[in-house]
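What follows is one structure encoded as structure tokens, with my remarks underneath.
These values consider heavy atoms only, across backbone and side chains, with no hydrogens, waters or symmetry-generated copies. In this chain, residues are counted from 1 in sequence order.
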Amino acid sequence: MQSAAWRRHLLDHHLSPSTSAAIAAFRSASQTGLTPQGLCGADGTRYMSSARAPAVKGSGHLVRKGTGGRSSVSGIVATVFGATGFLGRYLVQQLAKMGSQVLVPFRGSEDCHRHLKVMGDLGQIVPMKYHPRDVDSIKAVMAKSNVVVNLIGREYETRNYSFEEVNHHMAEQLAMIAKEHGGIMRFIQVSCLGASPSSESRMLRTKAAGEESILKEFPEATIMRPATMIGTEDRILNRWAQFAKNWGFLPLVGGGTAKIQPVYVIDVAAAIVNSLKDDGTSMGKIYELGGPEIYTVHELAELMYETIREWPRYVHVPLPVARAIASPREMLLNKVPFPLPTPSIFNLDQINAFSVDNLVSKDALTFEDLGIMPQKLKGYPVEYLICYRKGGPAFGSTVSEKMRSSEM
């Protein structure tokens, strides 16, 4: 005990007065349970985490210059609504690996966000309980932020949440609260490619209404319109593969002639991050994020069959018949006293969306304007589908298990 006190005395004797004051303040705080964010030295200097410094709109580059990496401080404190969803996990990972602090609002159980905590350094991923209908809880998760990203969206309705509430009113509410906050430097809204007030799809109409409301409340907001996103947890190729494996065929609505421009989900996350790295040139603009290749729905299904190594079998379903199959759920949704099954292949709104071509506009801002070269789908981006191969990843119905490895 005496030797430890003597070493501490010698250390304090050789340190500068300001450093000694800081150490003394830290010791005092550790005894009283205070956190370092609230420390003050004897000379009045406040020792506070730079990651939580209040943001000033229009102060130039948001990302600070430095070595980078998950243990650095980028200067971004981002609240990512919808972080526990498909795109959210990839966005959180890219923000965290550059040293950003990410606040993760969640409304489910503690298991909803646990896969995100390992993506950042200690204390950089901060889960916070909230409810989208509770304004006070929304303000609480935004209180320390200088960036807000809204990934909330639905491709089908439930008894509790309609398209209008999720895609329009919630987005508008977030923009209003961010504007009142005063320290939000960037607001990014993730919408959908094809969002238009005249679309046959209610989801796309409500997405367009949400964009309009956000730009009205927060004119500096950046709108991202990604095309159909492909990735490990996607809700298109996974569903097709499961249906094909279970039933031995895949329904093609309208013959699968509609043209789409699917995009790799990691490229979309990178586009969002790059928009935060610029000097504000992306503020108030709309970007349409489509992949480098155009597919018909039938061609995308062919890619899925090729990857899972199954013989392609289709049942062509005329558009009116597909709508008739999907309509009962929409009619009964709020008329029965129990929840209805989640639609998969026959989702009325998705059927309407895929009834017309959905491509990037000619004059739109794209990945190129954000300095990104999007990846082609064939290859690594769809490699996750090998889990649906019969007999294991190296085999499948179109590749016999009797073949030698040298023949494969």
Side-chain angles (χ1 to χ4, degrees), residues 81-82 84-88 105-112 129-135 137-138 150-174 190-192 194-210 213 228-229 233-254 256 258 297 315-356 358:
F81 291 92
T84 56
F86 174 34
L87 173 59
F106 71 98
R107 63 185 182 92
S109 68
E110 297 292 331
D111 291 338
C112 294
K129 190 84 171 178
Y130 94 116
H131 196 284
R133 290 172 178 157
D134 182 4
V135 175
S137 71
I138 296 174
N150 181 28
L151 308 179
I152 297 175
R154 267 292 171 88
E155 59 186 13
Y156 61 89
E157 291 185 295
T158 65
R159 299 174 67 217
N160 295 324
Y161 292 99
S162 65
F163 283 134
E164 285 75 16
E165 182 177 9
V166 175
N167 297 334
H168 179 195
H169 299 305
M170 283 185 186
E172 181 181 25
Q173 184 180 53
L174 293 182
V190 177
S191 184
C192 285
S196 170
S198 59
S199 174
E200 291 190 33
S201 166
R202 282 185 58 214
M203 181 193 72
L204 295 179
R205 292 199 301 269
T206 54
K207 282 288 188 181
S213 297
T228 301
M229 289 185 289
E233 305 84 12
D234 70 39
R235 293 184 287 272
I236 180 167
L237 294 187
N238 276 306
R239 288 177 178 174
W240 287 0
Q242 289 170 0
F243 195 97
K245 292 286 288 183
N246 292 336
W247 302 97
F249 69 92
L250 181 67
L252 276 184
V253 178
V297 174
V315 173
H316 294 277
V317 183
L319 190 58
V321 175
R323 285 172 173 161
I325 295 173
S327 292
R329 182 186 184 276
E330 308 303 318
M331 293 187 293
L332 296 174
L333 185 61
N334 293 311
K335 295 180 180 178
V336 294
F338 51 85
L340 294 175
T342 300
S344 56
I345 299 296
F346 291 102
N347 178 350
L348 182 59
D349 210 78
Q350 194 172 56
I351 290 170
N352 290 331
F354 281 176
S355 64
V356 296
N358 193 7

Can you check whether [X] reaches [Y] side chain to side chain, under 4.5 Å on heavy atoms?
X: P251; Y: F243; result: yes
X: R323; Y: N352; result: yes
X: I236; Y: F354; result: yes

Indicate the atoms forming the closest heavy-atom contact of [X] with [Y], along with that distance.
X: P339; Y: R159; answer: CA-CD, 3.6 Å
X: R107; Y: Y130; answer: CB-O, 3.4 Å
X: L204; Y: C192; answer: CD2-CB, 3.7 Å
X: K207; Y: S191; answer: CB-OG, 3.6 Å
X: V253; Y: A322; answer: CG1-CB, 3.7 Å
X: S213; Y: H168; answer: OG-NE2, 2.9 Å

Donor on one side chain, acceptor on other, R205 and N167, under 3.5 Å: no

Side-chain H-bond candidate by donor/acceptor type, S201 with S199, under 3.5 Å: no

Looking at [atom1] of [X] and [atom2] of [Y], how far apart are the two atoms once the value is rounded to the nearest 0.5 Å?
X: N150; Y: L174; atom1: CG; atom2: CG; result: 5.0 Å
X: T206; Y: E164; atom1: OG1; atom2: CD; result: 6.0 Å
X: M203; Y: L348; atom1: CE; atom2: CG; result: 12.0 Å
X: W240; Y: L252; atom1: CH2; atom2: CG; result: 7.5 Å
X: R235; Y: S344; atom1: CZ; atom2: OG; result: 13.0 Å
X: R239; Y: D234; atom1: CZ; atom2: CG; result: 9.0 Å

Spell out, as yes or no, whether a donor-acceptor pair under 3.5 Å connects the side chain of [X] to the backbone of [Y].
X: E157; Y: F163; value: yes
X: N347; Y: E155; value: yes
X: R329; Y: P341; value: yes

Face-on cation placement of R133 at Y161 ring, 6.0 Å and 45° thresholds: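 Relative to the ring axis of Y161, which defines the angle, R133 lies inside both limits.
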
I351/F346 under side-chain contact (heavy atoms from CB on, under 4.5 Å): CA gap, chis, key distance, verdict: CA-CA 7 Å; I351 290 170; F346 291 102; 4.2 Å; yes

E330 with R202: basic N within carboxylate O range, under 4.0 Å: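 So E330 does not pair with R202 through a salt bridge.
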
